Peer 1: 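Starting off with a structure, shown below.
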2 protein chains.
Amino acid sequence: MTTEPTHPGESPSAPAEGEWRPAGMREVAQLAGVSIATVSRALNEPSRVSAEMRLKVENAVRSLGYIRHGAARALSLRRAHAIGAIIPTVDNARRADKIAALQMRCRERGYSLVLALSQYDLSIELQQCRSLVEVGIDGLMLEGGEHDPAIYELLEKRGIAVVNTSVYDPAAAQPNIGFDNSVAARRLTDHLLDLGHKTVGMIAGPVAGNDRAGGRLAGVRAALAARGLPLPPDLVVERPYRIGEGRLGLRTLLARQPRPTAVICGNDVIAIGALIEAQAQGLDVPRDISIAGFDDLDLAAQMPPGLTTMALPAREIGELAADHLIDSLEGKPVAHATEVEVKLILRGSTGPVPSEASPLGVKNPAETRERDPAG
Amino acid sequence: MTTEPTHPGESPSAPAEGEWRPAGMREVAQLAGVSIATVSRALNEPSRVSAEMRLKVENAVRSLGYIRHGAARALSLRRAHAIGAIIPTVDNARRADKIAALQMRCRERGYSLVLALSQYDLSIELQQCRSLVEVGIDGLMLEGGEHDPAIYELLEKRGIAVVNTSVYDPAAAQPNIGFDNSVAARRLTDHLLDLGHKTVGMIAGPVAGNDRAGGRLAGVRAALAARGLPLPPDLVVERPYRIGEGRLGLRTLLARQPRPTAVICGNDVIAIGALIEAQAQGLDVPRDISIAGFDDLDLAAQMPPGLTTMALPAREIGELAADHLIDSLEGKPVAHATEVEVKLILRGSTGPVPSEASPLGVKNPAETRERDPAG
DNA sequence: ATGAAAGCGCTAACAT
DNA sequence: ATGTTAGCGCTTTCAT
């Protein structure tokens with residue numbers, strides 16, 4: 001297999017029959033009839049080289065299929081041209097957007113993306129950070145603002161740029177790009193409160209080690225408190241970000257007394273679960289219960305009756321994160337904290353509080369498993 | 001900021017007041033009172049070093065917070081300990097699983113994951129591949145088996161391992177791990193055919209440059225052909241993998257004559273869209289129309305009436321891909337093609353073909369936007 | 001504008 | 001079992 005030189009003009013360097021070795025700068029220089037330093041310059045600072053040389057080099061590069069050796073470059077430059085990202089999981093569509101945007105922007109600017117997952121575990125996150133440092137990253141994107149301080153120490157000592165994302169806090173020690181989760185949650189809650197709801201429940205995401213989840217919970221609580229309303233522990237459940245867990249969460253809440261007339265969910269995945277569960281229990285959304293989430297997943301718009309949610313500009317955050325990191329590496333000025341806009345998207349899943357007269361009992365759960373054809 | 005040595009025992013190397021530089025092997029060797037080679041050995045092949053030395057080195061490493069310099073290591077070893085992955089997008093939950101599994105397995109085995117996106121474009125894929133080669137990957141995971149031949153040439157010349165995933169083809173030139181998309185689609189179609197359906201439509205994913213989408217379409221066609229049934233061009237629409245597009249696709253299909261009684265979708269995202277659209281049009285699924293997909297997303301199980309789908313073991317594929325690549329790098333024997341099991345999951349969205357007498361007309365699309373309370 | 005040569009931090013012969 | 005040393009492929013002073 002490896003013995004056939006199917007390709008033209010590619011290995012003028014291997015005289016004997018030995019293993020073919022990818023062409024290096026030396027070979028390029030030789031073929032172009034210039035010095036190795038000129039090749040380097042022609043590649044990195046074309047302007048500092050005569051047009052003639054540049055052409056010769058370009059041709060040699062092309063005909064040898066030369067590709068720079070990143071590790072050597074990194075070693076010499078003491079800059080890997082790589083950005084790391086540690087995220088809890090990839091399984092959320094909005095986070096996938098963020099990573100995609102980050103990757104594309106990095107690529108555009110000549111950086112590659114090394115990805116690591118923390119699974120919502122701060123100690124795994126630290127480990128992964130060490131690995132990334134070893135690989136040789138110049139900058140690191142983190143999710144949220146709650147991290148092992150050892151991470152910051154490590155990064156600072158080695159001059160690695162860092163940015164926390166999906167949180168916004170001008171007072172934080174680390175640069176960040178995002179929005180204030182608490183404020184966003186408060187706005188969402190206010191919407192419900194404006195509709196007359198007084199008994200509001202929450203299905204939060206797991207709060208431990210997750211300041212975004214914690215912030216949202218705090219925001220809901222604050223909005224209620226501002227109107228003299230309580231958020232009894234009874235009406236807060238914490239569930240992982242999965243549809244089935246959202247269903248479970250709502251089931252729990254529906255069993256509580258007093259039963260909430262509105263439920264705010266830690267994100268849309270949970271909210272979709274809650275919506276499905278409500279409908280499965282024969283409740284009409286929003287007539288019997290209002291449901292809202294965060295993220296504005298595609299599904300939020302499509303799923304009847306439409307899910308009211310806070311839209312979070314994930315792509316934008318990813319892009320901004322890449323720019324922040326790379327700008328800062330290039331010595332350009334960067335904002336310490338950048339706020340992106342969240343948007344309250346009103347859809348059919350939230351409505352006025354039910355009249356007092358409405359029955360609290362759950363209707364026959366089976367009957368709504370199939371849609372009524374409304375004939 | 002950088003001037004405060006908040007940390008104990010960390011910079012015995014910087015005598016003057018200058019910039020602190022991360023400790024290298026030299027410093028470790030010095031502190032441990034051994035040679036630099038011993039440090040290297042203690043780190044890489046602990047067994048080849050006396051217990052005493054090992055301990056001294058370990059202590060020095062710890063107290064200096066030493067972290068290996070990956071680029072230097074890669075340069076010397078001519079092995080980057082990095083795996084690349086090029087995927088079309090991350091936005092599919094199953095693909096996210098695959099990437100997560102790949103990443104975790106790589107990490108476990110001492111490799112990092114460099115991620116690149118091709119956006120379903122074969123020429124972008126080639127570009128990204130070049131970038132990855134430049135970064136210095138030892139192995140590459142690709143999605144599907146349809147790629148620019150230049151990719152294979154490039155990789156082969158440089159001795160970079162490659163594996164195609166989510167496809168299975170023992171006859172293919174490149175190693176692969178996955179399943180036969182055509183066979184899977186055929187099985188799914190047979191299920192519908194067994195239920196008596198004769199007019200089957202398909203909402204395929206974009207087929208260009210995507211052999212998985214193409215294979216599934218071919219499988220549906222083959223299953224029909226095997227029973228002497230046609231798949232008229234009229235009943236095939238191609239739509240991007242988004243819920244809204246799935247809705248659109250179904251709308252198109254419902255307008256065709258004869259109208260299909262069963263629709264197979266390129267994946268679950270499209271299928272969910274189709275399901276939502278069917279219900280929005282007042283159709284009962286599966287009484288009026290059967291719908292099936294691929295992937296077995298969480299949502300497939302949760303969304304009433306439950307989506308019949310082919311479950312694809314994405315995590316397993318990701319894990320196997322990591323193992324295949326790394327095993328092969330380590331000189332271990334690896335299978336050229338590995339087949340993973342897909343599983344037909346029967347749920348409520350597929351059922352017997354409607355009786356001939358059923359009306360073909362579409363009911364009022366508006367009325368079912370809100371659920372009938374079935375009171 | 002171009003070339004020669006000294007490293008970047010590590011590993012792996014090759015000594016001892 | 002441990003130490004010495006020559007590169008790995010590139011960038012970058014420093015000469016010219």
Side-chain angles (χ1 to χ4, degrees), chain A residues 13 19 21-57 60-61 64-82 110 133-138 158-159, chain B residues 13 19-58 60-61 64-82 110 133-138 158-159:
Chain A
S13 53
E19 284 278 316
R21 293 269 310 271
M25 245 179 182
R26 222 185 336 255
E27 285 74 38
V28 175
Q30 200 174 320
L31 207 178
V34 302
S35 86
I36 188 176
T38 301
V39 176
S40 176
R41 281 192 281 256
L43 261 35
N44 298 316
E45 298 175 283
S47 61
R48 282 189 43 193
V49 133
S50 73
E52 191 195 12
M53 288 283 152
R54 206 180 315 151
L55 211 69
K56 283 200 282 187
V57 170
V61 164
L64 275 96
Y66 169 72
I67 294 184
R68 277 210 295 255
H69 192 299
R73 190 166 130 93
L75 182 56
S76 182
L77 236 32
R78 244 145 322 171
R79 184 123 292 179
H81 290 272
V133 169
E134 179 169 336
V135 170
I137 53 170
D138 305 323
R158 312 185 96 91
Chain B
S13 53
E19 285 277 316
W20 185 83
R21 294 270 310 272
M25 248 182 181
R26 223 187 333 257
E27 285 74 40
V28 175
Q30 199 174 321
L31 207 176
V34 302
S35 86
I36 187 176
T38 300
V39 177
S40 176
R41 279 192 284 256
L43 260 36
N44 298 315
E45 298 175 282
S47 62
R48 281 189 44 195
V49 133
S50 72
E52 190 195 12
M53 289 283 152
R54 208 180 313 152
L55 211 70
K56 284 200 280 188
V57 170
E58 277 165 9
V61 163
L64 282 133
Y66 169 72
I67 293 184
R68 275 209 295 253
H69 191 299
R73 191 166 130 94
L75 182 56
S76 180
L77 236 31
R78 240 137 337 158
R79 185 124 291 180
H81 290 274
V133 169
E134 180 169 336
V135 170
I137 53 170
D138 306 323
R158 312 184 96 91

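The chains referred to below are lettered A, B, ... by the order of the sequence lines, with proteins before strands, and numbering in each begins at 1. Not measured: the values here are computed from a predicted model.
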Peer 1: For A:Arg41, enumerate each residue passing the salt bridge (Lys or Arg N to Asp or Glu O under 4.0 Å) test, keeping only those at least two apart in sequence or located in another chain.
Peer 2: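 A:Arg41: no salt bridge (Lys or Arg N to Asp or Glu O under 4.0 Å) contacts found.
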Peer 1: Taking any atom under 4.0 angstrom from a heavy atom of chain A, which nucleotides of DNA chain D are the first and last to qualify, 5' to 3'?
Peer 2: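 That gives a stretch of D:dG9 to D:dT12.
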Peer 1: If the condition is side-chain contact (heavy atoms from CB on, under 4.5 Å), which residues does B:Ala72 pass it with, not counting sequence neighbours?
Peer 2: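 Residues passing side-chain contact (heavy atoms from CB on, under 4.5 Å) with B:Ala72: A:Leu75, B:His69.
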Peer 1: Considering every strand and a 4.0 Å limit on heavy-atom distances, what is the contact class for B:Thr38: base, sugar-phosphate, or nothing?
Peer 2: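 The residue B:Thr38 makes sugar-phosphate contact but no base contact.
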Peer 1: Could you point out which residue of B:Val57, B:Val28, B:Val49 forms a side-chain contact (heavy atoms from CB on, under 4.5 Å) with B:Val34?
Peer 2: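 Between B:Val34 and the candidates, side-chain contact (heavy atoms from CB on, under 4.5 Å) is satisfied uniquely by B:Val57.
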Peer 1: With A:Ser76, which residues qualify under side chain to side chain donor-acceptor pair (under 3.5 Å), at least two apart?
Peer 2: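 So A:Ser76 forms no side chain to side chain donor-acceptor pair (under 3.5 Å) with any residue.
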Peer 1: Could you tell me the boundaries of the chain A footprint on DNA chain C, defined by atoms under 4.0 Å from its heavy atoms?
Peer 2: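 Footprint of chain A along DNA chain C, 5' to 3': C:dA1 to C:dG9.
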Peer 1: Nearest heavy-atom pair of B:Pro46 and B:Ala42: which atoms, and what distance?
Peer 2: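 It is CG-O, 3.5 Å.
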Peer 1: On DNA chain D, compare the nucleotides closest to B:Ile36 and A:Pro22; which residue's is nearer the 5' end?
Peer 2: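 The residue closer to the strand's 5' end, by nearest nucleotide, is B:Ile36.
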Peer 1: Locate the shortest heavy-atom distance separating B:Ala80 from B:Gly136; write the atom from each residue and the value.
Peer 2: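 The pair with the smallest heavy-atom distance is CB-O, 2.6 Å.
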Peer 1: Nearest 0.5 Å, what's the CG-CG distance between A:Asp138 and A:Leu77?
Peer 2: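 With rounding to 0.5 Å, CG (A:Asp138) is 9.0 Å from CG (A:Leu77).
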Peer 1: Angle between the two end axes of the helix from C:dA1-D:dT16 to C:dT16-D:dA1, five base pairs per end, rounded to 10 degrees?
Peer 2: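 Overall, the helix from C:dA1-D:dT16 to C:dT16-D:dA1 bends by 40° from one end axis to the other.
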Peer 1: What are the residues of residues 44-53 of chain A, sorted by number, that bring a heavy atom to within less than 4.0 Å of DNA chain C?
Peer 2: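 Of all residues in residues 44-53 of chain A, the ones placing a heavy atom under 4.0 Å from DNA chain C are A:Val49, A:Ser50, A:Met53.
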Peer 1: Could you pull out all residues at least two apart from B:Ser35 that satisfy side chain to side chain donor-acceptor pair (under 3.5 Å)?
Peer 2: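 Side chain to side chain donor-acceptor pair (under 3.5 Å) list for B:Ser35, sorted by chain: B:Thr38.
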Peer 1: What pairs meet the salt bridge (Lys or Arg N to Asp or Glu O under 4.0 Å) rule with one or both residues in residues 68-80 of chain B, with sequence neighbours excluded?
Peer 2: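 Qualifying pairs, neighbours excluded: A:Glu134-B:Arg68.
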Peer 1: Might you confirm whether atom CD of B:Glu58 has over 12 heavy atoms from other residues, nucleotides or ligands at distances under 6.0 Å?
Peer 2: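 Enclosed: over 12 neighbouring heavy atoms sit under 6.0 Å from CD of B:Glu58.
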Peer 1: Rounded to the nearest 0.5 Å, how far does CG of A:Leu64 lie from CG of A:Leu31?
Peer 2: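 It is 5.0 Å, given to the nearest 0.5 Å.
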Peer 1: What are the residues of residues 66-76 of chain B, sorted by number, that bring a heavy atom to within less than 4.0 Å of DNA chain D?
Peer 2: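 Per residue number, the list reads B:Leu75, B:Ser76.
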Peer 1: Taking the side chain as C-beta and beyond, is there a heavy-atom pair between B:Leu43 and B:Tyr66 under 4.5 Å?
Peer 2: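 Yes, close enough: below the 4.5 Å cut-off.
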Peer 1: So, using salt bridge (Lys or Arg N to Asp or Glu O under 4.0 Å) as the criterion, who are the partners of A:Glu52 when residues are at least two apart?
Peer 2: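 For A:Glu52, no residue satisfies salt bridge (Lys or Arg N to Asp or Glu O under 4.0 Å) once neighbours in sequence are set aside.
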Peer 1: Measuring from atom CE of A:Met53 to atom NZ of A:Lys56, what distance do you get when rounded to the nearest 0.5 angstrom?
Peer 2: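 Answer for the CE-NZ pair, A:Met53 versus A:Lys56, is 4.0 Å.
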Peer 1: Using the test salt bridge (Lys or Arg N to Asp or Glu O under 4.0 Å), find all partners of B:Arg158 that sit at least two apart in sequence or belong to another chain.
Peer 2: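 Listed in chain order: nothing, the list is empty.
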